[in-house]
*Asks:* 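Can you keep this structure in mind? I'll have questions shortly.
Numbering of ligands and ligand atoms starts at 1, following listing order.
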Amino acid sequence: MKKKFLAGVALVGALALVTTGCGNSSDDAAGGGGGDKTIKVGFAQTGSESGWRSANTESMKKAFTKDKGFDLVFNAADNDPAAQIAAVRSFISQGVDAIVIAPIVSDGWDDVLNEAKTAKIPVVLEDRTTSSADDLYASWVGDDFKKEGETAGKWAAEQYGGKATNMVVLEGTTGSAPANDRAAGFGDAVKGTQIKTIASQTGDFTRDGGKKVMEGFLQKYGVKGINLVFAHNDDMALGAIEAIEAAGGKPGTDINIVSIDGVHDGMQALVDGKINYIVECNPLLGDQAADLVKKVLAGTTVEKKNFATDGAFTQEQAKAVIATRAY
Ligand code: GZL
């Protein structure tokens, strides 16, 4: 009797391991996720630095739900690159099936991406990119930051390029792909014009950071000493608006502002005439990221780079769309 009982227990135990995925089946070892098995995904988000980030996080959480076949492990790293890498290491030790990362900064990813590769856990990048070799991640989905910078720069060149223009720049997070690429694109577009960058400093993509940096620029140059602000994102532009108004200036009139993102508060400021032009950066990347994870785990060939579509808005164009935008 006893032998039969123990055999039964062993069988039940083995079944439990397989069904709960706690076992080390060949599927798990190879980063599983095939068929209708729930896919465990670790998502390392930058943090919650801006309205854009909130919209991106919401989009990702809506796409990686249980009823869509996912078990999402979410981490927001509070804009701390070391914490974000530690989160990815934790995902690897948890034995997730796939990892999605929105890298805060471009550099410093080789070691942990190699560890994921050794563990046979595929990595999909969403939003920002890294400087790592592209064999260290399966695919990337996001926006064309350089093109965004070029679009903003072309507008600035059309509006101000023919006259002496003092511009200050509110830079995104130092070392991040959007900050680097937007600056490069904008710089290319205004080359040869009379737009002169008199100051440029990071506001870390936050509203408070943009306000503090703009306060410093206003103390140094005064409202009359600055003609144009190029903000790498709407949240810093909104902070700059607060600083300009506190200094007695009229944002959008005394000092013009061109920004990137197209989040609701930014578009509202554009409608109100406090920002003059906004280039969109679409944060709704969740569905594309989830589709890439499923395809990569199924062994389907995917594009290494997948771009979201972006627009750009004048005040009139913003008035026409603000009521119906998804974010
Ligand atoms: C761009 C994204 C940037 C946004 C900011 O894709 O990484 O980070 O422009 C956000 O608003 O903080």
*Asks:* Does NZ belonging to K220 count more than 12 external heavy atoms closer than 6.0 Å?
*Replies:*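 No - once you tally the heavy atoms of other residues, nucleotides and ligands closer than 6.0 Å, there are 12 at most.
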
*Asks:* Within a distance under 4.0 Å of any heavy atom of S50, pick out the atoms of ligand 1 and give their elements.
*Replies:*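 Matching atoms, with element in brackets: 5 (C), 10 (C), 11 (O), 12 (O).
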
*Asks:* For ligand 1, which atoms, with element, lie under 4.0 Å from some heavy atom of D127?
*Replies:*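 So the atoms of ligand 1 that pass are 1 (C), 2 (C), 6 (O), 7 (O).
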
*Asks:* Salt bridge or not for K61 and E58, using N-O below 4.0 Å?
*Replies:*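 No, K61 and E58 are not salt-bridged.
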
*Asks:* For atom 12 (O) of ligand 1, what is the nearest protein heavy atom, given as residue, atom name and distance?
*Replies:*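 Here the nearest protein heavy atom works out to E49 OE2, 2.6 Å.
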
*Asks:* Using a strict 4.0 Å cut-off to heavy atoms of P178, name the atoms of ligand 1 that fall inside it.
*Replies:*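 Once the distances to P178 are compared, the set is 7 (O).
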
*Asks:* Using the rule given for salt bridge (Lys or Arg N to Asp or Glu O under 4.0 Å), can you reason through D181 versus K147, listing the C-alpha separation, both sets of side-chain angles and the distance that settles it, and then say yes or no?
*Replies:* CA-CA 8 Å; D181 296 352; K147 185 161 175 255; over 6 Å; no

*Asks:* Students should be able to answer this: which protein heavy-atom is nearest to atom 3 (C) of ligand 1, and at what distance?
*Replies:*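 Here the closest protein heavy atom is R128 NH2, 3.7 Å.
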
*Asks:* Are a donor atom and an acceptor atom from the side chains of N56 and Q45 found within less than 3.5 Å of each other?
*Replies:*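 Judged by distance alone, the side chains do pair up.
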
*Asks:* Checking side-chain polar atoms at under 3.5 Å, does S106 have a donor or acceptor matched by the opposite partner on R128?
*Replies:*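 On atom types as modelled, these side chains do not qualify, holding no pair under 3.5 Å.
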
*Asks:* Against ligand 1, does C281 come closer than 4.0 Å with any heavy atom?
*Replies:*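 So C281 counts as touching ligand 1.
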
*Asks:* Heavy-atom pairs closer than 4.0 Å: do any link ligand 1 to the side chain of R182, the backbone, both, or neither?
*Replies:*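 The answer is the side chain of R182.
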
*Asks:* Under the 6.0 Å and 45° cation-pi test, does K40 pair with F91?
*Replies:*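 Ring-cation test returns no.
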
*Asks:* Do any N/O atoms on R53 end up under 3.5 angstrom from N/O atoms on ligand 1?
*Replies:*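 Yes; at least one N/O pair falls below 3.5 Å.
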
*Asks:* Is the shortest side-chain N to carboxylate O distance from E242 to K212 below 4.0 Å?
*Replies:*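 Not counted as a salt bridge, because no side-chain N and carboxylate O are separated by less than 4.0 Å.
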
*Asks:* Return yes when D261 approaches ligand 1 closer than 4.0 angstrom through a heavy atom, no otherwise.
*Replies:*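 Per 4.0 Å heavy-atom rule, D261 contacts ligand 1.
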
